[in-house]
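This report concerns only the one structure given below.
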Amino acid sequence: MNPVRAIGRATLALVRGVGAVAIFAARGLAAPGFQPRLLADQLLRIGWLSLPVVGLTALFTGAALALQINAGGERFQAGDVVPAIVAIGMVRELGPVLGGLMVAARVASSIAAEIGSMRVTEQIDALVTLSTDPMGWLVTPRLWAAILAVPVLVGVGDVIGIMGGWLVGTTTLGFTSQGYLSNSWAYLERWDVVSGLIKGAAFGAIVALAGCWFGMRAGRGAEGVGRATTNAVVAASVAILAANFVLTGLFFT
């Protein structure tokens with residue numbers, strides 16, 4: 001019976017963990033004490049300051065994607081599909097996923113380290129002593145800022161990624177500027193763009209939730225904060241890839 005008992009313990013632990021995270025997310029989205037000033041500050045940190053890394057990632061991804069698609073398309077005399085596939089691939093998959101992963105690497109680690117340091121130095125306990133809800137002060141603005149900012153970053157990254165493909169297509173692959181752009185927009189549908197933005201909102205929620213969850217549960221000392229930061233980035237990255245699979249299945253099947 002030991003294997004059965006072990007499976008049961010693992011299943012119960014998983015269910016308890018999922019339930020605890022769901023309750024934490026619900027409390028974070030609707031906690032009292034929310035202040036617009038804190039939301040504006042987090043929008044700046046999560047959105048504006050993440051734009052360079054997301055933009056550069058999208059630019060080089062779009063350029064490399066154009067080269068790869070052209071190399072594969074030439075084997076089947078289908079090199080003309082490069083603009084359309086770059087555009088569809090960026091707005092459906094690569095833009096949201098790579099943007100989410102870059103934001104996870106930068107933002108989830110920052111949130112976990114910041115909140116974890118506050119936990120270690122007992123600043124969160126001080127908030128409770130002052131009758132201030134730590135969820136409304138620390139978690140709510142970060143969750144909503146990520147949900148609002150990451151879709152915007154994904155949209156900007158989509159445009160930059162398509163421009164990266166355009167740059168390679170017009171300078172290396174022999175496309176004209178007008179022909180490349182018209183071919184890109186001709187095959188894009190509204191749902192392609194909207195689905196990518198919805199994914200961006202979901203990935204933003206995952207990133208902020210992972211950072212806040214592990215930060216609020218950081219262990220004592222520098223080692224505890226470092227472990228919380230690492231766990232936040234790993235959990236956010238894996239959850240983004242899993243959520244992308246689920247959302248893609250819902251949107252396109």
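These values consider heavy atoms only, across backbone and side chains, with no hydrogens, waters or symmetry-generated copies.
- No donor-acceptor pair closer than 3.5 Å links the side chain of Thr172 to the backbone N or O of Gly169.
- For the atom pair CD (Glu122) and OG1 (Thr129), the distance works out to 9.5 Å, reported to the nearest 0.5 Å.
- The closest side-chain donor-acceptor pair between Trp166 and Ser184, if any, does not fall under 3.5 angstrom.
- Summarising the geometry, atom CD1 belonging to Ile111 is positioned 13.0 Å from atom CZ belonging to Phe214; distances are rounded to the nearest 0.5 Å.
- Residue-environment remark: CZ (Phe252) exceeds the threshold of 12 foreign heavy atoms within 6.0 Å.
- Residues Leu29 and Ile147 meet the side-chain proximity criterion, which asks for heavy atoms closer than 4.5 Å.
- Salt bridge Arg45/Asp41: present, at least one basic N to carboxylate O contact under 4.0 Å.
- In this structure, the side chains of Arg27 and Asp133 come closer than 4.5 Å at one or more pairs of heavy atoms.
- Annotation: the span from Leu153 atom CG to Ile46 atom CD1 amounts to 9.5 Å, rounded to 0.5 Å.
- Heavy atoms only, all atoms of each residue included: Gly211 and Ala232 are closest at CA-CB, 4.1 Å.
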When you look at Leu143 and Gln42, which way does the side chain to side chain contact (heavy atoms under 4.5 Å, CB included) test go after all the steps?
-> CA-CA 9 Å; Leu143 274 176; Gln42 293 302 319; over 6 Å; no
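- The shortest non-hydrogen separation linking Ala243 to Phe203 is CB-CE2, 4.0 Å.
- Without hydrogens or angle criteria, Ser195 side chain to Asp192 main chain gives a donor-acceptor distance under 3.5 Å.
- Taking CE of Met135 as the reference point, atom CZ of Phe24 lies at 4.0 Å (rounded to 0.5 Å).
- The CG atom of Leu94 sits 9.5 Å away from atom CG of Asp158, with the distance rounded to the nearest 0.5 Å.
- Shortest non-hydrogen contact noted between Ile206 and Ala239 is CG2-CB, 3.6 Å.
- When the side chains of ILVMFWY residues are joined at heavy-atom separations under 4.5 Å, either directly or via intervening members, Met90 and Tyr187 end up in a single hydrophobic cluster.
- Pro151 and Ala201 make their closest contact through CG-N, 3.4 Å (heavy atoms, listed as atom of the first residue, atom of the second, distance).
- Hydrophobic clustering (side-chain heavy atoms under 4.5 Å, transitive across Ile, Leu, Val, Met, Phe, Trp, Tyr) groups Leu250 together with Phe245.
- Using a 4.5 Å heavy-atom cutoff, the side chains of Arg37 and Pro141 are not in contact.
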Does the pair Val156 and Val54 meet the rule for a side chain to side chain contact (heavy atoms under 4.5 Å, CB included), with working shown?
-> CA-CA 9 Å; Val156 174; Val54 173; over 6 Å; no
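- One hydrophobic cluster, built from ILVMFWY side chains closer than 4.5 Å, cannot hold both Leu56 and Val150; they sit in different ones.
- Minimum heavy-atom separation, Gly116 to Ala218: CA-CB, 3.7 Å.
- The shortest side-chain heavy-atom distance between Pro96 and Asn244 does not fall under the 4.5 Å cut-off.
- Although no hydrogens or angles enter the test, the distance criterion places no donor-acceptor pair under 3.5 Å between the side chain of Ser50 and the main chain of Gly47.
- Separation of atoms CE (Met102) and CD1 (Ile240) is listed at 9.5 Å; rounding is to 0.5 Å.
- The shortest heavy-atom contact between Ser109 and Val233 is CB-CG2, 3.6 Å.
- Side-chain heavy atoms closer than 4.5 Å link hydrophobic residues (I, L, V, M, F, W, Y) into clusters, and following such links, possibly through other members, connects Leu49 to Val154.
- Counting heavy atoms from C-beta on, the side chains of Leu138 and Cys212 never come closer than 4.5 Å.
- Applying the ring-ring contact (aromatic ring centres under 6.0 Å, His included) rule to Phe251 yields the partners Trp191; only residues at least two apart in sequence or on another chain are considered.
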Name each donor-acceptor pair under 3.5 Å that joins a side chain in residues 61-71 to protein atoms two or more places apart or in another chain, with its distance.
residue	atom	partner	partner atom	Å
Thr61	OG1	Thr57	O	2.6
Asn70	ND2	Glu74	OE2	3.4

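- Checked for salt-bridge contact, Arg119 and Glu114 miss the test: no charged N lies under 4.0 Å from a carboxylate O.
- When side chains are defined from C-beta on, Asn2 counts as touching Arg5, because their heavy atoms get closer than 4.5 Å.
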Kindly indicate, with the supporting measurements, whether the criterion side chain to side chain contact (heavy atoms under 4.5 Å, CB included) is fulfilled by Trp48 and Leu43.
-> CA-CA 7 Å; Trp48 177 253; Leu43 283 172; over 6 Å; no
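- Residues Lys199 and Arg92 fail the side-chain proximity criterion, which asks for heavy atoms closer than 4.5 Å.
- No cation-pi contact links Arg142 to Trp144, judged by a cut-off of 6.0 Å to the six-membered ring centre and 45° from its axis.
- Residues Val120 make up the rest of the hydrophobic cluster containing Val225, defined by ILVMFWY side-chain heavy atoms closer than 4.5 Å, directly or through other members.
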Verdict with supporting geometry, Ile162 and Trp185, side chain to side chain contact (heavy atoms under 4.5 Å, CB included) = CA-CA 10 Å; Ile162 293 173; Trp185 304 128; 4.0 Å; yes
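- When the shell of 6.0 Å around CD of Gln123 is examined, it contains more than 12 heavy atoms from other residues, nucleotides or ligands.
- Placement of Leu44 and Val139 within a single hydrophobic cluster is found when ILVMFWY residues are connected by side-chain heavy-atom separations under 4.5 Å, directly or transitively.
- Put simply, the side chain of Leu167 does not reach to within 4.5 Å of the side chain of Tyr180, judged on heavy atoms.
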